There are 4 protein chains.
Amino acid sequence: MSEAPATMPTMPRRRRRAAGADPDKRRQILDGAHEIFIARGFDAASMSDIAAAANVSKGTLYVYFEDKEHLFVALIEREREAQKRGAFEALDEDPDLAHALTNFGERLIRLLVSEFAMSAHRIVIGVAERMPDLGREFYENGPMQGAQRIAGYLDRKVAAGQLAIDDTALAAMQFLDLCQSGLLRPRLFNAVRKPPSDAEISRVVAAAVEMFLARYAKRPAGR
Amino acid sequence: MSEAPATMPTMPRRRRRAAGADPDKRRQILDGAHEIFIARGFDAASMSDIAAAANVSKGTLYVYFEDKEHLFVALIEREREAQKRGAFEALDEDPDLAHALTNFGERLIRLLVSEFAMSAHRIVIGVAERMPDLGREFYENGPMQGAQRIAGYLDRKVAAGQLAIDDTALAAMQFLDLCQSGLLRPRLFNAVRKPPSDAEISRVVAAAVEMFLARYAKRPAGR
Amino acid sequence: MSEAPATMPTMPRRRRRAAGADPDKRRQILDGAHEIFIARGFDAASMSDIAAAANVSKGTLYVYFEDKEHLFVALIEREREAQKRGAFEALDEDPDLAHALTNFGERLIRLLVSEFAMSAHRIVIGVAERMPDLGREFYENGPMQGAQRIAGYLDRKVAAGQLAIDDTALAAMQFLDLCQSGLLRPRLFNAVRKPPSDAEISRVVAAAVEMFLARYAKRPAGR
Amino acid sequence: MSEAPATMPTMPRRRRRAAGADPDKRRQILDGAHEIFIARGFDAASMSDIAAAANVSKGTLYVYFEDKEHLFVALIEREREAQKRGAFEALDEDPDLAHALTNFGERLIRLLVSEFAMSAHRIVIGVAERMPDLGREFYENGPMQGAQRIAGYLDRKVAAGQLAIDDTALAAMQFLDLCQSGLLRPRLFNAVRKPPSDAEISRVVAAAVEMFLARYAKRPAGR
DNA sequence: GATGAATGAGCCTTCATTCAT
DNA sequence: CATGAATGAAGGCTCATTCAT
């Protein structure tokens, strides 16, 4: 609109805006893709279905995304970013170690077992054989990055003399795995209809923290 | 229409063999299906490929299995049974608790991270959305049953006074999750090219046993 | 049926016959392709149309031919072979040089200006930009080979002292071009509705022979 | 419909400009079309590519040209005119017949075998089945007109007593065909990578002139 | 029962054309 | 008039499934 000031010569600027750059429509398409991919998985989702769900013509899909795979990757990326924002915030605030770990663990697990996160996991894992790059990217920017963040936190606590851990990277992984013990896997296989209740999550995370501290908490010197 | 001609009784007296009941051919088909499904995943595997790999005509596939999905389910079932046989044997032999857990953990993880087991996991998880029954069946007869077996073992050790565990079901899950900490997930996402080495597995399982016992080993009374 | 004699062991021979090897059906498909390609050209011909014209399902097309291009090439090859058979037979029989050249020229041109040959030419030329291999193959096995054959004939006549030609390859080309002068090009551009009449062809070929001999006939010594 | 609103007379008094009448923009579009059509052929050229090559929006294309076909026809017409201007100029200047014919022949063939002329030929021939009008128009305004011009020249030479030709129309065609003997066809089928060298052209044209005169040159009376 | 040629629905993708801005 | 995002029909191709032999 106002991108063509009076002084602009006749030479047409090519593209006022990049093709397929309307962010609203892009979001609209991703929403439709979300709905269909989540409901059906990658292969069983058809571009026609997605176009219909997004209320967009099939052609428009290809204006915004190169092909089905790119659309799917874009969707995964959007959702991952959205999730990451919600997990690692108040990790260091709480001075009480047990409290901090519990808090963080509960938040993380609640995120992970959500209907959507589980679906995304399932799909990415399902296509990981054919699209190893997507799988790796997902792993590295998701679980691995999470573990690294916790490892950093543990490092600080070790330095502060609150924990005694040789291998904080391993310890971080252990903590994550303990927090989801018995919760994530049945969801991954779609063996339970609903996400675990907050109470269940609390119980498992509490047990995780207890075990974690039983192993790594610095015992008072004099014993 | 002509399924019961005059000369042929409803129940043939001497059925040469039930439809699709030649066990050798059935095995042959499953072998071909194994090869192709593992290499390509569920959707990308074509019935033609499977027929070729099994050295069988496409029509024969449909004599032995109702459709692609049933063939896949049958394959998963067969493979799961084969695997289960190899894992839970020497669980109780060893009188030394740490030794027994270590032994079992290492064996189990080696099984799970194998190229084949990972592929099977990926596929089942990938189709779990569309085929929830398969996912549940796989989970219940695989991981869940494994955990139950460990829980039973733990129960016996609790009864024997060697361990102090309230919730052995949870403890069993925790043990399993600790044993694979940092090993299984990257494989699941195909983020690492090769299975972990035996040394890596040993290290992680050792850490798992240590943490497990730090939490649940019965401390000498007077303490 | 009788291909499995009593002594044949259980090991199934893979494929009694190669896939897509029924020659009748192959011919049937090529006939349909002929009709559609000739009527519409390469790009405007759709595989659906061809399938319909051949009275075959779309899938069957792909059992017999790898893709649209291969189908087209196969068609061109079939037609070229059919044509070649009809052209170069009685080239050397006639002892009278002018008679032989006239005979051959008329036969060849009649073949070339036929509705079908023209269509094939147009299509191959039309796709030559994108499919240079096809164009080259067509040229080398068609016009070029024809010219070579004539060149060989001329060589023999030169050796026999009937003609005086330095460059028989060029002379052969000249003869061919003279024979079709004003006949082929308008057909190629579809600028005339119907093939030239036999009378027209005779007239042009006669003029071609006359000019050809005016240039290359050995004049009696003493002249 | 609303093409003549009340306030607007049928013939607008001061039409700013007729629809699609900016000759610069028209030229700009044709230049883009030239580039793309020549590089890809008619069907494989997309209107998007043309719009991009012309630095014009796709919509503008349709302001200046009714549809893809009309655009293509307009392009062909423009190019033909450009070419014609370069060929038939110095046909009558040279008093020496052989020299004049050679000169003209070489110029014409050099024009015809150029990369661009060949592409145009291929495309027009390729679509001639679907667009017979275009093919005819191209033929009549190109080769046919060229032949007519030569025929006129020959007529004059016959009148001048330099040549003895019954059918100058046929003779003109013969001359043209001889000039390109072995040069044009392989190019048309894209069977040779590059245009023939000037030396090759000279050789063929020289042979053409020689043969032409051997047939039609008036022999000195007394002979 | 075994075969594999045939089917045809359906998939992803392209592109000429339109139309709101 | 210019723009280019949007459309949707159509294209080439695949593959689970059927059925005559």
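These numbers come from a predicted model, not from an experiment.
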Checklist entry - Between I29(B) and I50(B), which heavy-atom pair has the shortest distance, and what is it? => result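 Reported closest heavy-atom pair: O-CG2, 4.5 Å.
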
Next on the checklist: I need the minimum non-hydrogen distance between E129(B) and I38(A), along with the two atoms involved.
Outcome noted: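 Smallest interatomic distance, heavy atoms only, reads CD-O, 3.2 Å.
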
What nucleotide among [options] has an atom nearest to a side-chain atom of [X]?
X      : options                   : value
Y62(C) : dA16(E), dT3(E), dC13(F)  : dC13(F)
S46(A) : dT13(E), dC11(E), dA16(F) : dC11(E)
V63(A) : dT7(F), dA2(E), dT14(F)   : dT7(F)

Nearest whole angstrom, please: distance from the [atom2] of [N] to the [atom1] of [X].
X      : N       : atom1 : atom2 : value
D24(A) : dA6(F)  : CG    : P     : 11 Å
I50(C) : dG11(F) : CD1   : P     : 11 Å
Q28(D) : dA2(F)  : CD    : P     : 10 Å
H70(C) : dG12(F) : NE2   : C1'   : 15 Å
M47(A) : dG8(F)  : CE    : P     : 17 Å
I36(A) : dC12(E) : CD1   : C1'   : 16 Å
K68(D) : dA10(F) : NZ    : C1'   : 14 Å

Using only side-chain N and O atoms of [X], determine if any of them is under 4.0 Å from OP1 or OP2 of [N].
X      : N      : answer
Y64(D) : dC1(F) : no
T60(A) : dA5(F) : no
S57(A) : dT7(F) : yes

Item to check | Check: dT13(E) base within 3.5 Å donor-acceptor of K58(A) side chain | outcome: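 Yes, the side chain and the base share a sub-3.5 Å donor-acceptor pair.
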
Next on the checklist: Does the plane of the ring in H121(D) sit parallel, tilted or perpendicular to the ring in F138(D)? Use 30° and 60° as the thresholds.
Outcome noted: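 Ring orientation of H121(D) relative to F138(D): perpendicular.
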
Next on the checklist: Return whichever of S48(C) or K25(A) has its heavy-atom-nearest nucleotide of DNA chain F closer to the 5' end.
Outcome noted: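 Per heavy-atom nearest nucleotide, the more 5' residue is K25(A).
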
Checklist entry - For D49(C) and N55(A), take the nucleotide of DNA chain F holding the closest heavy atom to each; which residue's nucleotide lies nearer the 5' end? => result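 It is N55(A) whose nearest nucleotide is closer to the 5' end.
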
Checklist entry - Can you pull the salt bridge (charged side-chain N to carboxylate O under 4.0 Å, His left out) pairs that have at least one residue in residues 33-48 of chain D, sequence neighbours excluded? => result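 Found R40(D)-D49(D), D43(D)-R130(D).
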
Next on the checklist: Under 3.5 Å for both pairing distances: what stems, at least three Watson-Crick or G-U pairs long, include DNA chain F?
Outcome noted: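 Ordered by first number, the stems with DNA chain F (at least 3 consecutive pairs each) read E:2-21 with F:2-21.
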
Item to check | cation_pi(K68(D), F42(D)) dist<6.0 Å, angle<=45 | outcome: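 Yes, cation above the ring, under 6.0 Å and within 45°.
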
Checklist entry - What does A45(D) touch in the nucleic acid at a heavy-atom separation under 4.0 angstrom: a base, only the sugar-phosphate, or nothing? => result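 Sugar-phosphate contact only - A45(D) comes under 4.0 Å of backbone atoms but never of a base.
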
